[in-house]
Structure formats: structure tokens, C-alpha cells
Amino acid sequence: MTPEEEKAVADKRKLVDLFRSELMAKVDEHNEELHNMEEEMAHLAVFKKELLQKAEDHLDDVHRMEEEQTQLAVFKEELMNKVDEHLNDLHKKEDKAAAIAGLKEEMGKAIDAHERSVGLRASF
């Protein structure tokens, strides 16, 4: 090989080496970007898992509150029924008290009338 050919081959090798080193630098850069993306994906997966857990916990809380609200509604209904029963009992007692008061008044009048009639007889 002539010195010119050797120089041309050496120049081409230098170009190939330069191209190879530039290409390897780009491959390294892409590998680093890929690694960074993989790390970010791992962080996002953890974040997604935590977010899903929080959502499940929130739904559990909502279901628990709905159950408590249902229990409170049942308790309120039972309490209102007892209040109605007590009010009905109270009205019955008031009615009985009024009837007793009426009977007492009638008995008082009857006693007064009887005493007057007895008193009238005693004076004859």
C-alpha cells in the first residue's frame, strides 16, 4: 500500500472512530434517558399505588359513613315512634284526667244535691 493509500485508510479509520465515539455518546445519552424514564416510571407506579390506596380508603370511609347514616336514620325513626307512643299515652292520660275531673264535678254536684235534699227532709 502506498503512503497516500495508508494515509487515506488512516483518515477513514479516524472518521470511523470519530463516528463510533459520537454514536456511542448518543447511545450512552439515550441509555441514561431510558434509565431516568424507568426510574420515573417506578416513582409513578408507587404514586399510583398510593393514590389507589387512598381512593380505596376514602371509599371505605364513604361506605362506613353511609352505614352510620342509615343506622342514624333507623335510630331516629325508632325514637320518633317512641315519642309518638309517649305522646299518645300522655293524651290518653290527659283524657282520663279530664274524665275523672268531670266525674268529680258531677259527684260534687250530686253530693250537694243529695245534701240539700237530705237537709230539706231534716227540716220537715
Side-chain angles (χ1 to χ4, degrees):
M1 212 189 273
T2 66
E4 293 159 349
E5 290 175 338
E6 285 180 14
K7 184 177 186 283
V9 168
D11 288 343
K12 285 185 182 179
R13 281 192 181 154
K14 285 181 186 176
L15 285 173
V16 167
D17 288 342
L18 180 63
F19 178 73
R20 182 181 296 136
S21 67
E22 288 176 1
L23 187 61
M24 290 308 293
K26 287 193 181 230
V27 167
D28 289 343
E29 186 180 314
H30 286 295
N31 281 340
E32 188 172 336
E33 286 177 10
L34 181 62
H35 178 74
N36 290 341
M37 282 192 247
E38 288 171 345
E39 284 182 354
E40 191 173 331
M41 291 287 284
H43 289 297
L44 288 173
V46 169
F47 177 72
K48 177 183 175 184
K49 185 177 179 180
E50 290 172 352
L51 192 60
L52 286 173
Q53 184 61 48
K54 286 180 182 180
E56 287 178 21
D57 292 346
H58 179 71
L59 283 176
D60 290 344
D61 289 344
V62 167
H63 290 304
R64 182 182 46 75
M65 286 188 279
E66 287 173 345
E67 288 174 8
E68 288 175 357
Q69 190 174 21
T70 300
Q71 290 172 353
L72 284 173
V74 168
F75 176 74
K76 179 183 174 186
E77 183 66 26
E78 291 172 353
L79 188 61
M80 292 306 292
N81 288 340
K82 287 181 181 179
V83 167
D84 287 342
E85 287 176 20
H86 286 294
L87 284 175
N88 288 336
D89 289 346
L90 183 61
H91 288 303
K92 287 177 186 176
K93 288 177 182 176
E94 287 174 344
D95 291 345
K96 284 181 183 178
I100 290 171
L103 286 174
K104 281 184 179 180
E105 187 177 326
E106 286 180 30
M107 285 176 63
K109 289 178 184 177
I111 290 171
D112 287 345
H114 178 69
E115 286 176 349
R116 278 191 302 246
S117 80
V118 170
L120 288 175
R121 283 187 201 159
S123 61
F124 287 114

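Source: prediction; values computed, not measured.
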Hey, is the main chain of F75 close enough, under 3.5 Å, to the side chain of E78 for a donor-acceptor pair? no
What's the verdict on side chain to side chain contact (heavy atoms under 4.5 Å, CB included) for I111 and E115, showing C-alpha distance, side-chain angles and the deciding distance? CA-CA 6 Å; I111 290 171; E115 286 176 349; 3.6 Å; yes
Quick check for you: to the nearest 0.5 Å, what is the distance between [X] atom [atom1] and [Y] atom [atom2]?
| X | Y | atom1 | atom2 | result |
| --- | --- | --- | --- | --- |
| E38 | N31 | CD | CG | 9.0 Å |
| M37 | H30 | CE | NE2 | 9.0 Å |
| L90 | D95 | CG | CG | 9.5 Å |
| E66 | Q71 | CD | CD | 12.5 Å |
| L79 | E77 | CG | CD | 10.0 Å |
| K104 | M107 | NZ | CE | 9.5 Å |

Go through the steps for K54 and E50 under the test salt bridge (Lys or Arg N to Asp or Glu O under 4.0 Å), then give the verdict. CA-CA 6 Å; K54 286 180 182 180; E50 290 172 352; 5.9 Å; no
Any donor-acceptor pair under 3.5 Å linking the side-chain atoms of Q53 with those of D57?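 Yes, side-chain donor-acceptor contact under 3.5 Å.
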Check the side chains of H35 and E39 for a donor-acceptor pair under 3.5 angstrom, ignoring hydrogens and angles. yes
So K48 and L44, do their side chains get closer than 4.5 Å, heavy atoms only?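 Side chain of L44 against side chain of K48, heavy atoms only: no contact under 4.5 Å found.
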Locate the shortest heavy-atom distance separating E6 from M1; write the atom from each residue and the value.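 So the two residues come closest at OE2-O, 3.5 Å.
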So with a 6.0 Å cut-off around CD of E33, is the heavy-atom count from everything else above 12? yes
Stepwise salt bridge (Lys or Arg N to Asp or Glu O under 4.0 Å) test for R64 and E68: CA-CA 6 Å; R64 182 182 46 75; E68 288 175 357; 3.2 Å; yes
Listing, residues 8-29 side-chain donor-acceptor contacts under 3.5 Å, not counting sequence neighbours, or none:
| residue | atom | partner | partner atom | Å |
| --- | --- | --- | --- | --- |
| D17 | OD1 | R20 | NH1 | 3.3 |
| S21 | OG | D17 | O | 3.3 |
| S21 | OG | L18 | O | 2.9 |

